[in-house]
Amino acid sequence: MSSPVPLPRAFYIRTPRRVARDLLGKVLVRQTPETYLTGRIVEVEAYLGVKDAAAHAAAGPTLRNAVLFGPPGHAYIYFIYGNHYCLNVSCEPEGRAGSVLFRALEPLCGIEEMAQSRHLEIGSPSDLPKLTSGPGRLAEAFGITRHRDNACDLTDPASSLWIGDDGHPRPKILVTPRIGITKAADDLLRYLIRGNRFVSGRTKV
DNA sequence: ATATCGATTATCT
DNA sequence: GATAATCGATATG
């Protein structure tokens, strides 16, 4: 396993479906002078922009969702249910609002610090998924907030949050309906690594 | 094992 | 004033 290399802007100038599929197996990095956290991306969802009833962009641009309409490769972070932050990356050329939601990571570096951020004690390996399995959980584990990280450039390793490729082999992928939405709930837009134990939600199929 | 429910607030109608 | 791309706790089989 080598150290991650940032994914270029061009990676994100594609449809959310393609970006979502290709993000599986890549690495999310939180890097500051004090901190180095990494996690493998094991579950994501594609949101298709204004034509997607389930997307935050569906009603057109607002102050909240402005990043979705901006240049690709940037972090769109929203606050939900009075409790949780969730991370997206903007896709497609500027002006189109497609994005990919990060739903689960496999913790790699900085597990102890993630546990602190999550206010959890890790007693056994079976506790690890509680760190980063779920969009709100992974955001908390990585200290992601709207105030701190919204509109951050995820292609720039000088950002404290970025996405890289560490040469991990291309995973086997499973596609299912998205989770937690009421509109357009049947579309197959959730992508996950088959058999990965850090994937969120139920393990049906 | 699955089901239901309360928490808590930014954002939009 | 209603809603929400969630989580964790509680209840029940």
Side-chain angles (χ1 to χ4, degrees), chain A residues 12 15-17 19-21 23-24 28 39 41-70 74-92 96-105 107 114-124 126-152 154 161 163 174-192 197-205:
Chain A
Y12 303 98
T15 66
R17 293 175 197 264
V19 175
R21 178 174 284 269
L23 277 175
L24 293 176
L28 182 67
I41 300 165
V42 301
E43 178 188 352
V44 293
E45 285 176 357
Y47 286 84
L48 307 182
V50 293
K51 67 186 172 193
D52 180 356
H56 287 184
T62 66
L63 200 55
R64 173 170 78 150
N65 67 22
V67 173
L68 293 177
F69 292 86
H74 288 254
Y76 167 58
I77 293 154
Y78 65 91
F79 186 65
I80 190 75
Y81 295 115
N83 290 308
H84 309 290
Y85 292 96
C86 297
L87 169 67
N88 289 245
V89 58
S90 58
C91 302
E92 304 185 297
R96 295 195 188 196
S99 67
V100 174
L101 170 69
F102 289 69
R103 287 201 55 92
L105 303 174
M114 292 184 207
Q116 272 190 292
S117 299
R118 292 273 299 120
H119 314 107
L120 290 173
E121 298 284 340
I122 300 302
S124 79
S126 64
D127 293 331
L128 288 174
K130 291 204 273 271
L131 294 178
T132 52
S133 293
R137 289 168 170 177
L138 75 87
E140 186 171 48
F142 274 62
I144 293 167
T145 65
R146 180 167 169 92
H147 178 75
R148 182 179 182 189
D149 299 304
N150 192 51
C152 161
L154 298 176
L161 195 66
I163 302 168
L174 214 56
V175 187
T176 78
R178 294 177 291 188
I179 289 185
I181 56 172
T182 54
K183 292 164 246 173
D186 295 333
D187 296 346
L188 298 174
L189 292 170
R190 173 173 174 250
Y191 298 81
L192 53 95
R197 72 190 181 97
F198 294 92
V199 166
S200 76
R202 294 173 187 73
T203 319
K204 59 181 177 185
V205 170

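Lettering of chains follows the sequences in order, A, B, ..., and the numbering in each one begins at 1.
Across the protein-nucleic acid pair, A:K183 atom NZ and C:dT3 atom P stand 11 Å apart, rounded to whole Å. In this structure, A:R64 places its CZ atom 10 Å from C1' of C:dT3, rounding to the nearest Å. Rounded to an integer number of Å, the gap from A:H84 NE2 to C:dT3 P is 19 Å. One interatomic measurement links the two molecules: OH of A:Y85 to C1' of C:dA4, which rounds to 15 Å at whole-angstrom precision. What separates NE2 of A:H119 from P of C:dG8 is a distance of 11 Å, to the nearest Å. We find that OH of A:Y76 is positioned 9 Å from P of B:dT11, with the value rounded to whole Å. For A:I77 and B:dT11, the CD1 to C1' distance is 16 Å, given to the nearest whole Å. Between the CG atom of A:L68 and the C1' atom of B:dT11 there is a distance of 14 Å, given to the nearest Å.
If you check C:dA5, C:dC7, C:dG8 against the side chain of A:R118, the one that comes closest is C:dG8. With distances taken from any side-chain atom of A:N83 to the nucleotides B:dT9, C:dA5, B:dA7, the minimum falls on B:dA7. Comparing B:dC12, C:dT6, C:dA5 against the side chain of A:H56 picks out C:dA5 as the nearest. When each of C:dA4, B:dT9, B:dA7 is scored by its nearest atom to the side-chain atoms of A:T182, the top-ranked nucleotide is C:dA4. In the set C:dA5, C:dT6, C:dG8, C:dG8 carries the atom at the smallest distance from any side-chain atom of A:R137.
Using a 4.0 Å cut-off, some side-chain N or O of A:R146 falls inside it from OP1 or OP2 of B:dT11.
A:H56 and A:Y76 have perpendicular rings, their planes meeting at more than 60° on a 0 to 90° scale where under 30° would count as parallel.
Checked for salt-bridge contact, A:R118 and A:D127 miss the test: no charged N lies under 4.0 Å from a carboxylate O.
A:N88 approaches A:L154 most closely through the heavy-atom pair O-CD1, 4.4 Å.
Among the atoms of the strands shown, none is found under 4.0 Å from any heavy atom of A:R178. The residue A:L101 sits close to a base: some heavy atom pair falls under 4.0 Å. A:Y81 comes within contact range of at least one nucleobase, with a heavy-atom separation under 4.0 Å.
With hydrogens and angles ignored, no donor-acceptor pair closer than 3.5 Å exists between the side chain of A:Y78 and the base of B:dA10.
Separation of atoms OG (A:S117) and CG (A:L131) is listed at 9.5 Å; rounding is to 0.5 Å. The line from CG of A:L24 to CD of A:E43 is 9.0 Å long, rounded to the nearest 0.5 Å.
Residue-to-nucleotide proximity on DNA chain B shows that, of A:T62 and A:F79, the 5′-proximal contact is made by A:F79.
Checking B:dA7 for Watson-Crick or G-U wobble geometry (two distances, each under 3.5 Å) identifies C:dT6 as its partner.
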